[in-house]
Amino acid sequence: MMNKIDLETKIEGLKKAIAEHKDFAGTYESQLAQTEQELKDIDKPELTPSQLDDVYGAIESGIDRFDWSDTNNFEIEYGIDYDGKVNCESHDFRNSNDLVEMIVKEVCKLFVEAECPEQE
């Protein structure tokens with residue numbers, strides 16, 4: 001794996017090569033995109049698949065412990081329908097799986113998954 005300076009140098013060289021050789025621009029542009037992603041990922045801590053599972057479990061556990069049915073945890077807003085009926089416009093989360101997935105995806109963006117040797 002390259003270090004930060006090597007990646008930055010490679011990015012500048014690829015940009016220059018793209019400008020000089022429009023014929024091969026597609027190849028250089030894909031290499032540039034890959035190298036730019038490597039540069040973004042270089043300072044991210046690496047986690048094993050097991051560690052990523054632990055992060056997922058911790059987030060899921062925290063959400064599961066939250067009392068979603070406690071109305072004191074929500075700001076309840078009431079509204080009046082056009083026909084004069086009063087209704088409660090708050091939402092009750094019945095399934096937290098979608099929320100867990102959104103949070104985990106965001107957390108996973110902070111890390112690079114480490115390569116692990118195959119387990120025998």
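What you see is a predicted model; the values in this text were computed from it and never measured.
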Connected via hydrophobic side-chain network under 4.5 Å: Ile42 and Val112: no
Thr48 and Gln51, any side-chain heavy atoms less than 4.5 Å apart: yes
Partner residues of Asp83 under the side-chain hydrogen bond (donor to acceptor under 3.5 Å, both in side chains) criterion, sequence neighbours left out: none
Validation row: Val104, Val55 side chains within 4.5 angstrom (heavy atoms): no
Atom pair CD (Gln34) and CG (Leu7), whose distance is rounded to the nearest 0.5 Å: 10.5 Å
Interatomic spacing from OG1 in Thr35 to CD1 in Ile11 - rounded to 0.5 Å: 6.5 Å
For Lys15, all residues meeting salt bridge (charged side-chain N to carboxylate O under 4.0 Å, His left out), sequence neighbours excluded: none
Euclidean distance, Glu38 CD relative to Glu36 CD, rounded to 0.5 Å: 11.0 Å
Separation between CG of Asp53 and CG of Leu47, rounded to the nearest 0.5 Å: 10.5 Å
Which residues share a side-chain contact (heavy atoms from CB on, under 4.5 Å) with Asp43, sequence neighbours left out: Lys4
Partners meeting salt bridge (charged side-chain N to carboxylate O under 4.0 Å, His left out) with Asp41 (sequence neighbours left out): Lys44
Any donor-acceptor pair under 3.5 Å from Glu60 side chain to Gly57 backbone: no
Which residues share a side-chain contact (heavy atoms from CB on, under 4.5 Å) with Ile5, sequence neighbours left out: Asn3, Thr9
Over all atoms of both residues, closest heavy-atom pair of Asn87 and Ile80: OD1-N, 4.3 Å
